[in-house]
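The next block holds one structure in the form of structure tokens; read it before the comments.
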Amino acid sequence: MARTLSDNDHASHGGPARASATPLEGLRRAVIGAAEALAAKPVGAITLERPKRAQFGDYSTNAALLLAPGLGVPPREVAERLGAALADRLGPSLARFEVAGPGFLNLFVADSWLTGALEQALAAGEDFGAGGAEKPERILVEFVSVNPTGPMHVGHARNAAYGDALARMLELHGHRVEREFYVNDAGSQVRKFGQSIQALARGGSVPEDGYKGDYVLDLAARLANAATMDPGELGHAAVAIMVENIEESLGAFRVGRFHRWFFESALHEGDPSPVAHTLSILEQQGHTYTHEGALWLRTTDFGDDKDRVLVRSSGEHTYFASDIAYHQDKRERGFERQIDVWGADHHGYVPRMKAAYEALGGDPGELELLIMQLVHLVRSGERSQMSKRAGEFVTLEDLVGEIGLDAARWYLLARSHDTTVDLDVDLAREQSNENPVYYVQYAHARIASMLARAGAERVLAATAAVLDPAREPLHAAERALVEQLLAFPAELAEAVERRAPHRIAAYALELAQGFTAFYRDCRVVGAEPETVESLRIALCVASRSTIARCLALLGVDAPEHM
RNA sequence: GCCCCCGUAGCUCAGCCGGAUAGAGCAUCGGACUUCUAAUCCGAGGGUCGCAGGUUCGAAUCCUGCCGGGGGCACCA
């Protein structure tokens with residue numbers, strides 16, 4: 001361990017160092033420590049990153065540029081001093097440093113540091129990069145939550161894939177995560193749903209504003225007594241079937257199981273019901289008032305554009321009232337953070353929901369309402385609508401059937417959640433074989449094949465043995481691959497912080513490319529001397545593990561063979 | 001009218017809490033399979049980062065305005 005950087009003296013300051021401190025964290029601490037010693041005070045916003053160009057070193061920091069104004073010294077001179085201080089701290093781990101450009105400090109690490117760091121990563125195994133959350137929280141992720149009155153289309157698929165991947169990322173990062181699906185089984189839509197089914201069961205046609213589509217006809221045929229039941233009861237019976245279907249569909253889409261399916265109707269049951277309970281809190285806090293026979297919530301006190309109705313003059317609760325009660329319920333269940341994944345058509349509800357949460361005494365910072373932008377379906381160059389009413393939509397099943405499960409999940413997750421996506425179904429079908437997901441999977445399968453060829457015993461020996469730091473200089477492709485692998489913990493942390501699964505996809509693709517370049521340039525099985533083969537096998541093991549973990553986060557299969 | 005998201009290569013998109021010569025995949029063109037998986041690799045062409053100002057040593061990134069696309073603005077669910 002002496003040749004790693006994590007045991008420099010700075011690491012022992014500033015609270016309990018995590019046992020899982022990664023090699024790069026050690027390097028970062030050394031840089032920050034040296035910078036703060038130079039400035040004689042804490043310095044923020046110091047970056048330590050892999051520069052785009054190899055000539056700028058293995059790692060580069062802008063610390064000198066940030067320190068220079070406070071010190072009254074030219075940035076390049078600060079960089080020189082910082083470099084010298086780092087050379088002292090890091091000893092032989094740092095091969096050399098250069099000052100470049102306006103005052104960047106470029107670090108060239110020694111091969112021994114890289115092999116030592118790789119060893120640490122291998123020793124951490126499946127835990128490498130995991131548990132990085134500084135403050136683990138109990139988090140509820142609510143997602144999908146589609147109305148149970150129709151099949152899921154590709155927009156819902158995007159929400160499902162995103163929420164699922166986000167939950168997996170949060171878990172790996174060290175949070176305690178529960179997934180929940182909110183079922184809108186109350187309100188007039190259920191009755192309307194029942195009326196549509198009943199109309200078909202009686203041989204008629206659905207009302208103008210009713211639900212259309214083959215699935216409605218199926219329900220009419222499947223539900224006995226559909227022609228004679230009370231429309232409300234019929235609607236509930238149909239919703240129960242739809243919920244089953246949705247659960248099946250999500251399972252087939254490889255969405256992790258929901259810890260709970262929360263039925264809106266439960267918010268109106270009991271005495272007092274959760275809705276009544278929540279309304280009484282709001283009333284006691286003085287945040288409500290009556291106007292024209294309706295009960296209003298003064299959301300404008302908390303940043304909303306206008307006040308909102310909780311109870312209509314007819315005496316019925318609004319959907320908003322249920323929603324508030326639901327979020328209050330989640331809070332009372334002890335979740336420190338709530339993340340809701342909403343469709344773009346709900347973004348207008350964000351201010352009022354945050355306002356209500358705050359009115360109930362919650363910290364609005366604990367409530368994250370993430371908006372998924374829309375998926376536009378494109379056919380032969382033209383946008384087509386996904387409307388339940390028109391009965392024209394591409395379902396989640398259609399999408400998977402067209403382009404495959406892995407390609408579908410990758411396609412939906414490889415893009416930022418706040419970018420509107422155009423999904424050209426024809427193009428997607430034609431190009432599904434060109435989906436980058438297969439490139440990543442191929443790299444994984446290739447590694448599996450190589451390791452099989454090396455043999456389990458040889459692989460075990462290679463990873464168990466101390467990597468020889470005195471071997472011949474590392475190949476450029478080996479160095480690059482080690483550095484890419486070492487970047488995983490920070491990549492995960494960044495992706496989690498930004499709620500950005502697409503960063504994992506981007507990283508996975510880059511890693512697969514890095515591995516493929518290594519494969520091209522460096523013979524693994526049979527490489528001589530044996531120490532070289534060992535190091536390369538170890539690189540394969542770490543690469544396969546990291547690629548597999550990324551794919552698992554995205555809910556994509558990591559095949560042994562292709 | 002007000003609010004939110006987007007505008008980067010032919011197409012789909014990364015990069016956006018300021019850093020060095022703006023990237024990837026697909027598509028196009030030219031090469032490479034007796035070698036651990038060619039679902040691969042190598043090379044080439046392709047950009048006023050929507051427009052105009054501003055802040056800064058430095059702007060695709062931050063601020064303002066404008067243009068264009070999408071979405072939302074209920075005592076609907």
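Here is how names work: the chains are called A, B, and so on, in the same order as the sequence lines, proteins then strands, and each is numbered from 1.
- Comparing B:rA20, B:rA74, B:rA77 by their nearest atom to the side chain of A:K306 picks out B:rA74.
- Of the side-chain N and O atoms in A:H444, none sit less than 4.0 angstrom from OP1 or OP2 of B:rU37.
- Contact between the side-chain N/O atoms of A:R312 and the OP1/OP2 oxygens of B:rA77 is found at a separation under 4.0 Å.
- Side-chain N/O atoms of A:S313 and base N/O atoms of B:rC75 include a donor-acceptor pair closer than 3.5 Å.
- Across all strands, A:D304 comes closer than 4.0 Å to no nucleic acid atom at all (heavy-atom distances).
- Nucleic acid contact class of A:R523 (heavy atoms, under 4.0 Å, all strands): base.
- Counting any heavy atom pair closer than 4.0 Å across all strands shown, A:Y439 reaches sugar-phosphate atoms only and no base atom.
- A:Y438 has no side-chain polar atom (N or O) that falls below the 4.0 Å cut-off from OP1 or OP2 of B:rA39.
- Interface remark: the A:S60 side chain does form a donor-acceptor pair with the B:rA20 base, using a distance-only criterion of under 3.5 Å.
- Using a 4.0 Å heavy-atom cutoff across all strands shown, A:E494 reaches at least one base atom of the nucleic acid.
- Contact annotation for A:H291: base contact, defined as any heavy-atom pair under 4.0 Å involving a base atom.
- Between A:Y442 and A:Y439, the ring center distance fails the sub-6.0 Å criterion.
- A:Y349 contributes a side-chain N or O that forms a donor-acceptor pair with the base of B:rA77 under 3.5 Å.
- Side chain A:H347 to base B:rG72: no donor-acceptor pair is found below 3.5 Å.
- Within 4.0 Å (heavy atoms only), A:A445 reaches at least one base atom of the nucleic acid.
- Using a 4.0 Å heavy-atom criterion, one finds that A:V350 contacts no nucleic acid atom at all.
- Taking only distance into account, the side chain of A:N106 meets the base of B:rA20 through a donor-acceptor pair shorter than 3.5 Å.
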key: Canonical and wobble pairing (Watson-Crick, G-U, under 3.5 Å) of RNA chain B, dot-bracket with |   = (((((((..((((.....[...)))).(((((.......))))).....(((((..]....))))))))))))....
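- In summary, the side chains of A:Y289 and A:E283 do not present any donor paired with an acceptor at a separation below 3.5 Å, with no hydrogens or angles considered.
- Surrounding CD of A:Q55 are more than 12 heavy atoms belonging to other residues, nucleotides or ligands, all under 6.0 Å away.
- A sub-4.0 Å separation between OP1 or OP2 of B:rU35 and a side-chain N or O of A:R520 is absent.
- For A:R53 and B:rU21, a side-chain-to-base donor-acceptor distance below 3.5 Å is present, hydrogens and geometry of angles not being considered.
- Taking atom C1' in both B:rG70 and B:rC29, the straight-line distance is 36 Å, to the nearest Å.
- Here A:F104 packs flat against the base of B:rA20; its ring centre is closer than 5.5 angstrom to the base's six-membered ring, tilted by less than 30 degrees.
- At the heavy-atom level, A:E316 lies nowhere under 4.0 Å from the strands shown.
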